[in-house]
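Reading through the structure tokens given below for one structure.
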Amino acid sequence: MKAHVMHELSVAQEIIGIVQENLPDGNTHCVKAVKLKIGKLTNILPDSLTFCFEALTKDTALDGAQLDIQHIPITLQCNGCRVVSEIEGFIFACPSCGSADIKTIAGDELQVSEIEISD
């Protein structure tokens, strides 16, 4: 569990840095929400990430900002039969033909997709 908190702590620090770099000049605006796209392959625990984000943003322009997390499923494309499939577990084989010759096309994202600020 300790390793996960450290992982989420560093991710929260990166997110805060990205948001601060993209605030309008003067940083006088308060951030209302930060929308994230997080793929299942990132192995990020949303509750831990939210906890770290809230702790790190106290008394900053991001204090009270909500993290809206969009979970991105793992999506594979088979190089054999060309079928695109979402998978639930971590078995990396084509659900259609069983081939292990696959390419991951989604699920490893970690992206700040939107920053909502107050007027």
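- Once rounded to the nearest 0.5 Å, the distance linking CZ of F53 with CG of L67 reads 4.5 Å.
- Using a 4.0 Å cut-off between charged nitrogen and carboxylate oxygen, E109 and K37 do not count as a salt-bridge pair.
- Taking 4.5 Å as the limit, every side-chain heavy atom of T75 sits out of range of all side-chain heavy atoms of T104.
- Side-chain contact check for I72 versus K40: every heavy-atom pair is 4.5 Å or farther apart.
- A donor-acceptor contact closer than 3.5 angstrom links the side chains of D68 and Q66.
- Taken from OG1 in T42 to CG in L110, the straight-line distance is 6.0 Å, to the nearest 0.5 Å.
- By the 6.0 Å contact criterion, CD on Q13 is enclosed, its count of non-hydrogen atoms from other residues, nucleotides or ligands being greater than 12.
- Looking only at side-chain heavy atoms (C-beta outward), I18 and V34 stay at 4.5 Å or farther from each other.
- In this structure, the side chains of C78 and K103 stay at 4.5 Å or more apart for every pair of heavy atoms.
- Q70 places none of its side-chain heavy atoms less than 4.5 Å from the side chain of K35.
- Residues I15 and L49 are in side-chain contact: their nearest non-hydrogen atoms beyond the backbone lie under 4.5 Å apart.
- Here the side chains of S99 and N79 are not in contact, with every heavy-atom distance at 4.5 Å or above.
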